Amino acid sequence: MDGSRWTRWLARLCDREAMRAGVEVDALRSALVAQTLLARQAEEVARRACRERDRYRGEAVALHAELAAARRPVRPPNREHARV
């Protein structure tokens, strides 16, 4: 191989490696963007789940209060109050 052939071969090899590296960089960028989007979606799902949990807790507290009120025995009126 003479000098110019060697130089062209080396240049083509460098071009191929640069393109391969460029493709890898693009793939890594795409993966990073996808990961970022998934992380944002996961955060939103977590926030929504917390809101739902808090809402159900509030409903449960209200239902427990209603149940406790319904189970309280009804007292007949006090005799003193009945005479008045």
Side-chain angles (χ1 to χ4, degrees):
M1 229 185 229
D2 65 3
S4 66
R5 226 184 244 184
W6 172 254
T7 305
R8 283 194 303 265
W9 179 83
L10 189 56
R12 281 195 307 268
L13 178 64
C14 288
D15 287 345
R16 275 196 305 259
E17 290 302 315
M19 282 196 297
R20 185 178 306 155
V23 168
E24 290 174 3
V25 167
D26 286 344
L28 289 171
R29 280 187 188 134
S30 296
L32 181 60
V33 167
Q35 182 181 5
T36 302
L37 290 173
L38 287 174
R40 286 180 189 157
Q41 290 172 348
E43 288 173 4
E44 179 55 34
V45 167
R47 280 193 294 274
R48 195 175 320 135
C50 287
R51 285 193 301 266
E52 290 293 313
R53 179 200 63 208
D54 293 344
R55 184 172 66 92
Y56 287 128
R57 277 186 183 165
E59 288 178 12
V61 167
L63 288 173
H64 280 292
E66 284 182 36
L67 182 60
R71 287 184 175 172
R72 268 189 226 122
V74 177
R75 294 186 194 171
N78 193 338
R79 288 186 187 184
E80 291 179 18
H81 292 287
R83 290 185 203 159
V84 176

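Quick caveat, the model's predicted, so the values are computed rather than measured.
With sequence neighbours excluded, the residues satisfying side-chain contact (heavy atoms from CB on, under 4.5 Å) with Leu67 are Arg71. Arg20 pairs by the salt bridge (charged side-chain N to carboxylate O under 4.0 Å, His left out) definition with Glu17, not counting sequence neighbours.
Atom CD of Glu43 sits about 10.5 Å away from atom CD of Gln41, to the nearest 0.5 Å. Expressed to the nearest 0.5 Å, how far CZ of Arg16 lies from CE of Met19 amounts to 8.0 Å.
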Inset, instruction - Show the numbers, then the answer: is there a salt bridge (charged side-chain N to carboxylate O under 4.0 Å, His left out) between Asp54 and Arg51? - result: CA-CA 5 Å; Asp54 293 344; Arg51 285 193 301 266; over 6 Å; no
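The salt bridge (Lys or Arg N to Asp or Glu O under 4.0 Å) contacts involving residues 32-41 comprise nothing, where partners must be two or more places apart or lie in separate chains.
Residues Leu38 and Leu32 fall into different hydrophobic clusters, defined by Ile, Leu, Val, Met, Phe, Trp and Tyr side chains chained together at heavy-atom separations under 4.5 Å.
Around CD of Glu52, the count of heavy atoms belonging to other residues, nucleotides or ligands within 6.0 Å exceeds 12.
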